[in-house]
Protein chains: 2
Amino acid sequence: MTGSRNGVLELAVLGSLHENPLHGYELRKRLNTLLGMFRAFSYGSLYPCLKGLLTDGLIVEEEPPDDVVLGRRSKIVYKLTAEGKERLQELLTQAGPSSWEDENFGIHFAFFRHTEAEVRLRILEGRRSRLEERMENVRTALARTRERLDSYTLELQRHGLESVEREVRWLNELINTERAQAADKSQSERDERPGSDE
Amino acid sequence: MTGSRNGVLELAVLGSLHENPLHGYELRKRLNTLLGMFRAFSYGSLYPCLKGLLTDGLIVEEEPPDDVVLGRRSKIVYKLTAEGKERLQELLTQAGPSSWEDENFGIHFAFFRHTEAEVRLRILEGRRSRLEERMENVRTALARTRERLDSYTLELQRHGLESVEREVRWLNELINTERAQAADKSQSERDERPGSDE
DNA sequence: TGCAGATGTATCAGCTCGATACATCGCCCA
DNA sequence: TGGGCGATGTATCGAGCTGATACATCTGCA
């Protein structure tokens with residue numbers, strides 16, 4: 001049972017709750033705003049996920065403040081446990097093939113603030129090669145195609161390719177920025193403690 | 001039973017088979033090349049769809065040429081029936097909310113060659129307002145957000161918004177082209193037969 | 001000959017989507 | 001005072017898809 005949840009949904013929930021405690025409805029709105037252009041979560045996946053996280057002890061229901069009249073229980077506010085924070089840290093260090101799929105990349109990126117520089121770089125590069133691989137596949141499949149394509153199909157291909165190329169350029173910029181920051185950092189570390197280099 | 005299939009998958013299959021008869025494996029490759037940058041179909045949806053189309057009499061297994069030695073049956077090549085062609089025409093005239101969802105728009109566009117000009121225009125405009133609506137939602141949700149966002153989140157939002165704006169501009173160009181063609185056509189019709197129309 | 005990889009059909013557990021149900025809250029207006 | 005209504009809120013379910021897997025055949029090639 002434990003640990004069999006959808007990886008990226010778990011990351012999204014734990015990451016959001018780490019910023020501050022939330023109840024289901026608000027959690028969904030947060031995530032769907034955060035990822036507005038990329039994907040949307042539905043209750044049918046969120047509530048089962050919350051239930052699983054509860055039974056695994058990664059989140060708990062937050063106690064309502066004492067001055068609230070008893071007997072009312074409409075909102076159910078969840079917050080991370082220590083185990084939940086630990087699990088979140090674990091998820092944030094994982095950079096695997098699923099991290100750079102279309103549906104998952106946005107989530108990982110959205111929590112980059114809490115991610116180590118090295119992991120960020122691996123995810124960005126993984127995403128980039130995923131896109132390049134896809135372009136390569138399409139291009140060769142297209143080259144193998146005998147028949148001439150109509151103008152609408154061509155335009156669709158052109159637009160798709162251009163979009164992906166644009167995302168690759170975006171990733172390139174991000175990767176360069178990350179590398180420059182890493183270089184700056186190691187430079188200043190060398191300045192501080194001269195004599196110990198890589 | 002009849003007519004309860006996923007609309008867009010049905011369109012994709014019927015549309016592909018209309019160009020030329022295919023077997024399942026090849027059909028999948030065709031579609032995934034055609035839509036390479038946008039989506040991919042899996043066998044788990046394709047085969048059930050083919051099965052349903054068969055039982056509804058919209059496609060049939062094509063007879064192998066007589067000179068092939070009997071007893072072998074590896075490939076199962078499907079082709080459209082008359083009913084299938086009719087159904088395809090019906091699907092091609094439908095332009096509804098599902099036509100401009102992310103997953104479906106590409107399919108509809110890919111078969112624009114077989115689609116009437118008026119329907120093309122409705123789908124393009126529908127897609128455009130869908131995107132504009134999404135941008136509006138994100139922008140207002142963002143404006144309502146109190147807390148300052150970190151730079152990664154902002155960059156993700158910016159990139160997402162830019163991508164969508166770019167697609168809207170692309171749609172605008174396509175819509176203008178369609179309108180210009182429609183105007184040309186009606187103009188030349190007026191020139192040819194003044195006083196009467198088709 | 002053998003064998004690796006592409007071609008080819010097919011199914012299944014597990015999960016997600018979209019719809020739906022139902023209750024409460026805050027607010028306005030008569 | 002009530003009552004209507006849209007937003008807030010929790011929850012579930014059937015339909016249908018994904019990703020994995022199984023298994024067979026064909027093809028090139030060493």
Side-chain angles (χ1 to χ4, degrees), chain A residues 1-10 12-13 21-33 35 38-55 59 61-62 64 68-69 71-78 96-98 101-104 107 137 140-141 144, chain B residues 1-10 12-13 21-33 35 38-55 59 61-62 64 68-69 71-78 96-98 101-104 107 137 140-141 144:
Chain A
M1 171 83 66
T2 301
S4 64
R5 258 178 313 288
N6 171 300
V8 102
L9 190 49
E10 191 177 357
V13 170
L22 293 171
H23 49 102
Y25 184 87
E26 204 174 354
L27 177 60
R28 179 176 189 266
K29 270 205 330 188
R30 282 295 196 88
L31 285 174
N32 289 352
T33 298
L35 307 166
F38 303 97
R39 75 175 287 178
F41 292 107
S42 67
Y43 291 125
S45 53
L46 270 182
Y47 279 117
C49 177
L50 284 169
K51 199 174 291 186
L53 291 171
L54 253 186
T55 67
I59 61 177
E61 297 187 20
E62 189 173 60
V68 170
V69 184
R72 302 300 196 67
R73 179 48 82 102
S74 170
K75 293 185 187 179
I76 306 177
V77 178
Y78 298 98
S98 87
E101 284 308 306
D102 291 333
E103 327 82 58
N104 300 349
I107 315 274
N137 287 341
T140 63
R144 230 192 324 266
Chain B
M1 171 82 66
T2 301
S4 64
R5 259 177 312 286
N6 170 299
V8 106
L9 190 49
E10 192 177 356
V13 171
L22 293 170
H23 50 101
Y25 185 87
E26 205 174 355
L27 177 60
R28 178 176 189 267
K29 268 204 331 187
R30 282 294 196 88
L31 285 173
N32 289 352
T33 299
L35 306 166
F38 303 98
R39 76 174 285 178
F41 292 107
S42 67
Y43 291 125
S45 54
L46 270 182
Y47 280 116
C49 178
L50 285 170
K51 200 175 290 185
L53 292 172
L54 254 186
T55 67
I59 62 177
E61 298 187 19
E62 188 173 60
V68 170
V69 183
R72 300 302 196 67
R73 178 48 82 100
S74 171
K75 292 185 187 180
I76 305 177
V77 177
Y78 298 98
S98 86
E101 283 308 305
D102 291 333
E103 327 84 58
N104 301 349
I107 315 274
N137 286 341
T140 63
R144 225 188 332 260

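Reckoned from all heavy atoms, side chains included, excluding hydrogens, waters and symmetry mates. Small disclaimer: the values here were computed from a predicted structure and weren't measured. Below, chains carry the letters A, B, ... as their sequence lines are ordered, and counting in each starts from 1.
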Working for side chain to side chain contact (heavy atoms under 4.5 Å, CB included), residues A:N137 and B:T33:
CA-CA 8 Å; A:N137 287 341; B:T33 299; over 6 Å; no
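- Nucleic acid contact class of A:Y43 (heavy atoms, under 4.0 Å, all strands): base.
- Here the CZ-CG distance, from A:F41 to A:L27, works out to 9.0 Å after rounding to the nearest 0.5 Å.
- Remark: C1' of C:dG8 and CG of B:L27 are 13 Å apart, rounded to the nearest angstrom.
- Looking at heavy atoms from C-beta onward, A:S45 lies out of side-chain contact with A:N6 at the 4.5 angstrom threshold.
- Among the nucleotides D:dT10, C:dA10, C:dC15, the one closest to the side chain of A:Y25 is D:dT10.
- One atom, NZ of B:K75, and another, C1' of C:dA6, lie 12 Å apart when rounded to the nearest Å.
- As a whole-Å value, the separation of A:R39 CZ from D:dT18 P is 14 Å.
- The line from CZ of A:R39 to CG of A:D102 is 10.5 Å long, rounded to the nearest 0.5 Å.
- The interatomic distance linking A:E61 (CD) with D:dT10 (P) rounds to 10 Å, in whole Å.
- Nearer the 5' end of DNA chain C, as judged by each residue's closest nucleotide, is the contact made by B:P48, out of B:E101 and B:P48.
- The phosphate of D:dT10 has OP1 or OP2 within less than 4.0 Å of a side-chain N or O from A:Y47.
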Side chain to side chain contact (heavy atoms under 4.5 Å, CB included) between A:V8 and A:E103, intermediate numbers included
CA-CA 9 Å; A:V8 102; A:E103 327 82 58; over 6 Å; no
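- Taking atom CD1 of residue B:I107 and atom P of nucleotide D:dC17, one finds them 12 Å apart after rounding to whole Å.
- Across all strands, A:G24 comes closer than 4.0 Å only to sugar-phosphate atoms, never to a base (heavy-atom distances).
- Going from atom CG of B:L50 over to atom P of C:dT9 covers 9 Å, rounded to whole Å.
- The nearest whole Å value for the distance from the CG atom in A:N32 to the P atom in D:dG9 is 15 Å.
- Ranking C:dT16, C:dC17, D:dA11 by closeness to the A:S42 side chain, first place goes to C:dC17.
- Considering only the side chain of A:H23, D:dG9 comes nearest among C:dC17, D:dG19, D:dG9.
- Note on A:K51: every side-chain N or O is 4.0 Å or more away from OP1 and OP2 of D:dT10.
- Among the atoms of the strands shown, base atoms are found under 4.0 Å from some heavy atom of B:S45.
- Atom-to-atom, CG of B:N6 to P of D:dT18 comes out at 9 Å; the value is rounded to the nearest Å.
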